[in-house]
Amino acid sequence: MAIRQILEFPDPRLRTRAAAVDVVDSRITKLIDDMFETMYEANGIGLAATQVDVHEQVIVIDLSNNKENPRVFINPKIEVIDPELDGFEEGCLSVPGFNESVERPKIVKVSALDREGNEFTETLKGLLAICLQHEMDHLAGKLFVDYLSPAKRQRIRQRLEKEQRRRA
Ligand code: NI
């Protein structure tokens with residue numbers, strides 16, 4: 001396993017639309033292992049392949065406190081079950097240091113492939129529903145800052161660019 005570099009806003013590569021995975025082979029399982037290691041190391045609860053500059057539809061999520069519940073979603077498709085919106089303070093490993101409230105549908109049904117390439121369907125609510133929708137946005141080249149006002153997004157962009165220049 002290897003820790004991969006996480007792209008940060010406003011890196012234009014985060015705007016790439018991910019392609020569907022054709023076959024869940026050893027290349028994809030290696031990617032999944034690396035994504036979990038990268039996410040755990042960064043203390044995240046979800047990561048999309050887009051964030052490590054791989055533009056294929058792979059998402060990893062673990063909402064447990066102790067790496068106990070690794071979840072994999074390959075080529076996910078969602079259907080909104082309860083369109084009522086719920087606000088939640090979201091953060092993102094690609095937008096480090098910022099948390100802002102985003103409203104999303106409360107209950108969704110997802111169909112995806114698991115780590116073995118088997119299809120499954122599951123109804124998600126609560127944090128898992130929020131997290132999956134956030135990660136699916138990444139696969140479409142979208143970030144949670146896109147839901148904020150232009151002024152707020154600009155302020156976050158400037159702060160992160162300053163930090164990125166300082167590190168370079
Ligand atoms: Ni994110």
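Here, residue 1 is the first one in the sequence, and each next residue gets the next number. Remember, predicted model here, so these are calculated numbers, not experimental data. These numbers come from the heavy atoms of this one structure, side chains and all, not from hydrogens, waters or symmetry mates.
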Is [Y] close to [X] at the side-chain level, that is, under 4.5 Å between some pair of heavy atoms?
| X | Y | result |
| --- | --- | --- |
| Met136 | Ile78 | yes |
| Phe88 | Leu127 | yes |
| Asp146 | Leu148 | no |
| Leu31 | Met35 | yes |
| Val108 | Ile81 | no |
| Asp62 | Met39 | yes |
| Phe9 | Phe144 | no |

Could you state whether [X] and [Y] fall into the same hydrophobic cluster, counting links through intermediate Ile, Leu, Val, Met, Phe, Trp or Tyr residues with side-chain heavy atoms under 4.5 angstrom apart?
| X | Y | answer |
| --- | --- | --- |
| Leu132 | Leu128 | yes |
| Met1 | Val52 | no |
| Ile45 | Val60 | no |
| Phe73 | Val24 | no |
| Ile32 | Ile59 | no |

Show every side-chain hydrogen bond (donor to acceptor under 3.5 Å, both in side chains) that has at least one partner inside residues 67-79, sequence neighbours left out.
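Listed once each, the pairs are Arg71-Glu122.
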
(Q) Please check if the number of heavy atoms outside Asn118 that lie under 6.0 Å from its CG is greater than 12. (A)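 It does: Asn118 CG has more than 12 such atoms within range.
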
Determine whether more than 12 heavy atoms belonging to other residues, nucleotides or ligands lie under 6.0 Å from atom NZ of Lys125.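 Open: at most 12 neighbouring heavy atoms sit under 6.0 Å from NZ of Lys125.
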
Could you measure the distance from the [atom1] atom of [X] to the [atom2] atom of [Y]? Nearest 0.5 Å is fine.
| X | Y | atom1 | atom2 | value |
| --- | --- | --- | --- | --- |
| Leu139 | Thr16 | CG | OG1 | 11.0 Å |
| Glu90 | Asp137 | CD | CG | 8.0 Å |
| Glu103 | Glu84 | CD | CD | 10.0 Å |
| Cys92 | Leu14 | SG | CG | 7.5 Å |
| Leu143 | Arg157 | CG | CZ | 11.0 Å |
| Arg4 | Asp34 | CZ | CG | 4.0 Å |

Any idea which heavy atoms bring [X] and [Y] closest together, and the distance?
| X | Y | answer |
| --- | --- | --- |
| Ala42 | Ile6 | CB-CD1, 4.1 Å |
| Glu119 | Ser111 | OE2-CB, 4.5 Å |
| Thr38 | Ile3 | OG1-CA, 3.5 Å |
| Pro10 | Gln164 | CD-OE1, 3.9 Å |
| Glu56 | Ala49 | O-CB, 3.4 Å |
| Arg15 | Lys142 | NH1-CA, 3.7 Å |

[X] with [Y]: basic N within carboxylate O range, under 4.0 Å:
| X | Y | result |
| --- | --- | --- |
| Arg115 | Asp33 | yes |
| Arg13 | Glu8 | no |
| Arg159 | Glu163 | no |

Is the backbone N or O of His138 less than 3.5 Å from a side-chain atom of Thr50, with the two atoms forming a donor-acceptor pair by type?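 Flag set: sc Thr50 to bb His138 pair under 3.5 Å.
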
- Query: Quick one: does Arg153's side chain have a donor or acceptor within less than 3.5 Å of a partner on Val145's backbone?
  - Reply: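 Looks like yes, one N/O pair under 3.5 Å.
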
Distance-only polar pair, side chains of Ser64 and Asn66, donor-acceptor under 3.5 Å: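 Checked: Ser64/Asn66 side chains show no N/O donor-acceptor pair below 3.5 Å.
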
| request: Kindly give the cluster partners of Val23, where membership spreads through any ILVMFWY side chain lying under 4.5 Å from a current member. | output: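 Grouped by the 4.5 Å side-chain rule, Val23 forms a cluster of one, so the answer is none.
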
What side-chain donor-acceptor pairs closer than 3.5 Å can you find for residues 93-102, not counting sequence neighbours?
residue: Ser94; atom: OG; partner: Leu7; partner atom: O; Å: 2.8
residue: Ser94; atom: OG; partner: Gln51; partner atom: NE2; Å: 3.0
residue: Glu100; atom: OE1; partner: Lys152; partner atom: NZ; Å: 3.1

